[in-house]
Structure formats: C-alpha cells, structure tokens
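Just dropping this structure here.
All figures in this text were calculated on a predicted structure; none of them were measured in a lab. Each residue takes its place number in the sequence, starting with 1.
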Amino acid sequence: VQSWVAEEYNIGGLQLKKGDFIEVIVGRQTIKGTFIGFDKVLYAINIRTEDEDAVIPYKSIKVLKKPLNQQKEK
C-alpha cells in the first residue's frame, strides 16, 4: 500500500526530507519545526514543533525556509 504522505518532497526546487528543520511563514506568524512529510491528498505540509504537530495547507504558506545550519535554534 502506497502512503499518501511523502517523506521526501521537492517544492519549488527546495528538497525537503523527513527530519529537516524548516521555518514556515503563514500570514504574520513564523512556525519553526521538523518536516514530517507532505500529504498528497490534502496538499499540505506536516511539521512537528516543540509543542504540537501541525498540518499547514500549501495555499496558506507565504515563505518556506530550510536554514543551512540544520541545528535547532533556541
């Protein structure tokens, strides 16, 4: 059975793999977390933050960043 969630995905030339630290800007809010996967049915990004897991619709994303330094920022 093939999963609907891709653990590796290319968005606009930005290659995301499961476990990569990413920053997503939605409106005026910045969400920092670990990339879990990309849901092909919902067309949304799944990320894990310190507090919770989040599903962010692709249409709502203003900026998607993958810092070169993969260390978690505090």
Side-chain angles (χ1 to χ4, degrees):
V1 176
Q2 187 175 5
S3 175
W4 290 345
V5 178
E7 293 182 351
E8 200 170 307
Y9 204 74
N10 188 343
I11 299 175
L14 182 64
Q15 186 68 30
L16 298 174
K17 296 178 185 173
K18 184 175 183 175
D20 285 349
F21 181 75
I22 60 173
E23 294 179 18
V24 182
I25 298 176
V26 181
R28 295 182 182 185
Q29 182 180 11
T30 301
I31 302 169
K32 297 178 183 182
T34 305
F35 179 75
I36 297 172
F38 185 84
D39 193 317
K40 299 174 199 173
V41 173
L42 296 175
Y43 213 67
I45 292 177
N46 302 336
I47 67 169
R48 175 166 290 140
T49 64
E50 290 180 3
D51 305 343
E52 59 199 3
D53 289 349
V55 177
I56 303 169
Y58 182 77
K59 243 180 150 176
S60 301
I61 297 171
K62 301 286 184 200
V63 178
L64 179 62
K65 296 180 188 179
K66 181 178 168 185
L68 295 176
N69 183 1
Q70 289 293 313
Q71 298 294 327
K72 236 181 178 182
E73 294 178 8
K74 290 190 176 184

Original post:
From Ile22 CD1 over to Arg48 CZ, what is the distance, rounded to the nearest 0.5 angstrom?
Top reply: 12.5 Å
Using atom types as modelled, flag every donor-acceptor pair under 3.5 Å from a side chain in residues 6-13 to any protein atom, sequence neighbours excluded.
| residue | atom | partner | partner atom | Å |
| --- | --- | --- | --- | --- |
| Glu8 | OE2 | Gln15 | NE2 | 3.4 |
| Asn10 | OD1 | Gly13 | N | 3.0 |
| Asn10 | OD1 | Leu14 | N | 3.3 |

Subject >> For the student: nearest non-hydrogen atoms of Ile47 and Phe35, plus distance >> reply: CG2-CA, 4.3 Å
Subject >> Nearest-0.5 Å distance that lies between atom CD1 in Ile31 and atom CG in Asp51 >> reply: 11.5 Å
Subject >> Closest non-hydrogen atom pair, Lys32 against Phe21 >> reply: CB-CZ, 3.8 Å
Subject >> Partners passing side chain to side chain contact (heavy atoms under 4.5 Å, CB included) against Lys65 (at least two apart in sequence or in another chain) >> reply: Glu23, Ile25, Val63
Subject >> Nearest heavy-atom neighbours spanning Ala44 and Pro57 >> reply: CB-CA, 3.8 Å
Original post:
When hydrophobic residues are tied together by side-chain contacts of less than 4.5 Å, even through go-betweens, does Ile36 share a cluster with Leu16?
Top reply: no
**OP:** Please name the residue in the list Leu64, Val26, Asn46 that meets the side chain to side chain contact (heavy atoms under 4.5 Å, CB included) test with Ile56.
**Re:** Val26
Subject >> ring-ring contact (aromatic ring centres under 6.0 Å, His included) partners of residues 39-59, not counting sequence neighbours, each pair once >> reply: Phe38-Tyr43, Tyr43-Tyr58
